[in-house]
Amino acid sequence: MALINENYLKLKAGYLFPEIARRVNAFSEANAEAAARIIRCGIGDVTEALPLAAREAMKAAVDELGDRTTFRGYGPEQGYPFLRAAIAENMFRSREIDVADDEIFVSDGSKCDTGNILDIFGKGNVLAITDPVYPVYVDTNVMAGNTGEADASGAYAGIVYLPCTAANGFVPGIPAEKVDLIYLCYPNNPTGATATRAQLEAWVAYARKHGAIILYDAAYEAFVGDPDVPRSIYEIPGARECAIEFRSFSKHGGFTGVRCAFTVVPKSLMGRTAAGAAQALHPLWARRQSTKFNGVSYPVQRAAEALFSEAGKAQVRELIEHYMGNAALLREACAELGLDVHGGVNAPYIWVGCPRGVTSWEMFDRMLGEAHVVVTPGAGFGGAGEGFFRISAFNSRANVEEVCRRMKALSW
Ligand SMILES: *Cc1c(COP(=O)(O)O)cnc(C)c1O
């Protein structure tokens, strides 16, 4: 028999969302009437229609494929030049951030990119990962054999966990030890926190001092409304020498089902060989993508490009305003109830403290059982998430208003 990758056996069997689904199913089977009333504010998936500009561009691209004179087969693995240029110009250079077209690598998702990026890093790097966290960063390192076993609390040996708490504003302090790879995600999933310029400057200074690399997930960049909140790690001087940035059209343009994202690898970013020689990472990622990936479909890249047209930008703004309006209502409702509320200002997630003595899974069960609202228990994102639950603002306005009403009807 063929040998398997035994690292997979170390994984805590996809605990969070399957467990949520199990509890929701069990509740629904036992309470048929209530089941019809369930409102899902759990998984972070968009709910509103795809922007018209994107749909029109996609349809026109499909018609091009239907005519042999404009037909296209395989495209460039890194993305079509029209999309790389539109991204670099609209998301970076127009904001005076120095990113070249060919530093943009278009892909079918940031989830895959944040996992695949490990292909270009060696073994033995010390990993720093925030707690709570988007589980992909942890699990992909487990699969790659970069960790030991998990302990009873679910923490893996070989990972430096950076606790994100109310006391530090859910932005981790600089670790005392030397680490090599640091995962940061701001605006944050799940806490809805943002990092200040000074906090990111401290991380960039640390990374440059130690030759570490920051893997910066900016999937929620479009939700930043405050001009003082950084949208990109490259707003920080020196970040081009120490950071890779991941961005996605999933939340930005409602593309979770369409699939388009990109990763920025600056040409000035260096790693080193075991022998100590400096090596640029840009050609390694280019080689990785051209070997293992064949590009994003042409209609999808045209749809992403259309988000940068004047009409597209206005439609994206409307979409973001819709979700942020939801976030404001949810925040207000929680605040009115006297709950400890975080996030939801420059991010579509509300991170709510459970009442004293109530665990995050108990809170999940109460919200499901009494309000018929599905939230995400904070503990599912890591040990430091215990005592919190996450409400997603991705929903219709009517559903959000109903969630607020039902929450207010609960006894706290
Ligand atoms: C939604 C999300 C993404 C986007 O993933 P895609 O694969 O591009 O849909 C990336 N990072 C975080 C933290 C997210 O929540």
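Numbering of ligands and ligand atoms starts at 1, following listing order. Computed from a predicted structure; not experimentally measured. Every heavy atom of this structure was used, including side-chain atoms; hydrogens, water molecules and symmetry mates were not.
Partners of Phe82 by ring pair (Phe, Tyr, Trp, His ring centres under 6.0 Å), not counting sequence neighbours, listed by chain and number: Tyr80. For the side-chain contact (heavy atoms from CB on, under 4.5 Å) test, no residue two or more places apart in sequence or in another chain qualifies with Ala49. By the side-chain contact (heavy atoms from CB on, under 4.5 Å) test, Glu370 pairs with Arg366, Leu410, sequence neighbours left out.
Looking only at distances, a side-chain donor or acceptor of Tyr234 sits under 3.5 Å from a matching main-chain atom of Val264. Formation of a donor-acceptor pair under 3.5 Å by the Glu103 side chain with backbone atoms of Lys267 is found in this model.
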So what's ligand 1 close to, N/O to N/O, under 3.5 Å?
residue, atom, partner, partner atom, Å
ligand 1, 7 (O), Ser110, N, 3.2
ligand 1, 7 (O), Lys111, N, 2.9
ligand 1, 7 (O), Arg259, NH2, 2.7
ligand 1, 8 (O), Ser110, N, 2.7
ligand 1, 8 (O), Ser248, OG, 2.7
ligand 1, 8 (O), Ser250, OG, 3.4
ligand 1, 9 (O), Ser250, OG, 2.6
ligand 1, 9 (O), Arg259, NH1, 2.9
ligand 1, 9 (O), Arg259, NH2, 3.4
ligand 1, 11 (N), Asp217, OD1, 3.4
ligand 1, 11 (N), Asp217, OD2, 2.7
ligand 1, 15 (O), Asn189, ND2, 2.8
ligand 1, 15 (O), Tyr220, OH, 2.5
ligand 1, 15 (O), Lys251, NZ, 3.3

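Between Tyr349 and His342, the distance separating the two ring centers is not shorter than 6.0 angstrom.
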